[in-house]
Amino acid sequence: AIKLYLHNVYGSDPRSHPDYGRIVSQRHFDRLYNTLKLTNGNIVAGLLTECNSSELYIPPTVVTDVQDSDPLLQEELFGPILPVIVVDDIKDCLKYINSRSNPLALYIFGNSRDVQFIKDNTISGGICVNDVMLHMSTPSLPFGGFGGSGTGSYTGEYSINTFSHLRPILTRSMAFPPAPVDGARSPPYGGPENAYKYSLVKKGMYPTPRKAETSLFMYFLKLIPGWTLLAMAPDFIKALFKASSPMRRISK
């Protein structure tokens, strides 16, 4: 199927096709050519004899029966070479993917059930389903790697965020004096009467009286024991009912 597609796009001689590109430099041509010479796989499309150093030309190449130790799998190729690896089932596929560094992109072809299963059990820079490359040319989506495949994203606002520092600023008004209950952020933490303070500080959830400075009612509310927990209630509620995002955030 791949050979047929290549023939339909580039004809019988990709070298003479005006839209077929060349390798960017001699160094990269030599790297790809030497890697192809060392492969133990079966070259089913493209021939070494068709490579042309003076033109920096390497034909579209497909290699099957590739083993884990094959030179084609030891580094990113960045060339017109496609190694094909056969797996027994979808679980075997996931095991293979997750045993290696996080890929820059994951291209999944299949039905919705299998696609969701793969998305839920892998980590990658991006995912494109039933197509290739389109996610990196879509302005509304960030393009970038994760872990071993890179850091940060670009395209549109994501480029600005990647090369910008998001500086957090919190300003507390001095219109009202701090209430004694503000001590929830300070020692002592021992004893049953301070158990809630210890829990908040340990988890890094410091109560912040955001509305106390703008409302006289909230100022008097601060005098009530346990007001900080009441003030934090909206945050907990929002966290519980937060709508899911179409883009999944992965903890680093």
Side-chain angles (χ1 to χ4, degrees), residues 1-6 8-10 19-21 24 28 32 35 41 44-46 60-164 166 239-252:
I2 297 177
K3 293 174 65 176
L4 178 62
Y5 181 81
L6 290 174
N8 291 338
V9 173
Y10 295 115
D19 296 320
Y20 187 78
V24 67
H28 284 291
L32 292 170
T35 303
V44 296
T61 305
V62 179
V63 185
T64 61
D65 302 323
V66 179
Q67 303 300 316
D68 288 349
S69 59
D70 197 280
L72 289 175
L73 301 181
Q74 304 311 306
E75 63 177 23
E76 293 180 302
L77 293 174
F78 289 108
I81 304 171
L82 177 64
V84 177
I85 302 166
V86 179
V87 294
D88 295 330
D89 52 36
I90 190 171
K91 292 184 178 179
D92 194 26
C93 174
L94 293 178
K95 182 179 179 181
Y96 184 89
I97 294 173
N98 293 328
S99 65
R100 286 156 175 76
S101 179
N102 301 324
L104 178 61
L106 194 60
Y107 302 111
I108 310 172
F109 294 83
N111 58 57
S112 58
R113 182 178 179 181
D114 289 341
V115 168
Q116 189 61 47
F117 184 72
I118 294 175
K119 289 194 295 184
D120 291 342
N121 291 277
T122 56
I123 295 177
S124 61
I127 295 177
C128 189
V129 179
N130 294 328
D131 213 314
V132 296
M133 305 297 288
L134 285 182
H135 68 297
M136 68 173 293
S137 60
T138 304
S140 59
L141 292 177
F143 177 75
F146 180 81
S149 58
T151 301
S153 303
Y154 69 91
T155 64
E157 66 175 306
Y158 303 103
S159 299
I160 297 175
N161 292 338
T162 294
F163 294 101
S164 301
L166 302 180
L240 289 175
F241 296 97
K242 184 179 180 181
S244 59
S245 169
M247 289 183 294
R248 178 173 301 171
R249 184 177 297 277
I250 303 173
S251 299
K252 297 183 179 179

I need the full list of salt bridge (charged side-chain N to carboxylate O under 4.0 Å, His left out) pairs touching residues 74-84, with sequence neighbours left out, sorted by first then second residue.
Arg31-Glu75
Phe143 side, atom CZ; Ser159 side, atom OG - distance, nearest 0.5 Å
11.5 Å
Closest non-hydrogen atoms of Tyr20 and Pro60, given as atom of the first, atom of the second and distance, are OH-N, 3.1 Å
How long is the span from the CG atom in Leu72 to the CG atom in Leu32, to the nearest 0.5 Å?
9.5 Å
With sequence neighbours excluded, what pairs up with Asn8 under the side chain to side chain contact (heavy atoms under 4.5 Å, CB included) test?
Leu4
Got a sec, which residues hit ring pair (Phe, Tyr, Trp, His ring centres under 6.0 Å) with Phe78, two or more places apart in sequence or on another chain?
none
Which heavy atom in Cys128 sits nearest to a heavy atom in Asp131, and how many Å separate them?
SG-O, 3.4 Å
Which pairs pass salt bridge (charged side-chain N to carboxylate O under 4.0 Å, His left out) with one or both residues in residues 138-158, sequence neighbours excluded?
none
Nearest-0.5 Å distance that lies between atom OG in Ser101 and atom CZ in Phe146:
10.5 Å
Distance-only donor-acceptor hits, side chain of residues 102-110, under 3.5 Å, sequence neighbours excluded:
none

So, taking the atom named OH in Tyr158 and the one named CZ in Phe163, what distance separates them when rounded to the nearest 0.5 Å?
15.5 Å
May I have the list of side-chain donor-acceptor pairs in residues 80-95 shorter than 3.5 Å, sequence neighbours left out?
unit_1, atom_1, unit_2, atom_2, d
Asp89, OD1, Lys91, N, 3.2
Asp89, OD1, Asp92, N, 2.8
Asp92, OD2, Asp88, N, 3.2

To the nearest 0.5 Å, what is the distance between CD1 (Ile160) and CG (Leu166)?
11.0 Å
Are there over 12 heavy-atom neighbours, none belonging to Gln74, within less than 6.0 Å of that residue's CD?
yes
My understanding is that only residues two or more places apart in sequence, or in another chain, count here; which of them pass side chain to side chain contact (heavy atoms under 4.5 Å, CB included) with Arg100?
Asp68, Tyr96
Residues in side chain to side chain contact (heavy atoms under 4.5 Å, CB included) with Thr138, at least two apart?
Ser140, Leu141
Exercise: identify the closest heavy-atom pair between Asn121 and Asn98:
O-ND2, 3.0 Å
With sequence neighbours excluded, what pairs up with Asn111 under the side chain to side chain contact (heavy atoms under 4.5 Å, CB included) test?
Arg113, Asp114
Distance, nearest 0.5 Å, that separates OG of Ser124 from NZ of Lys119
10.5 Å
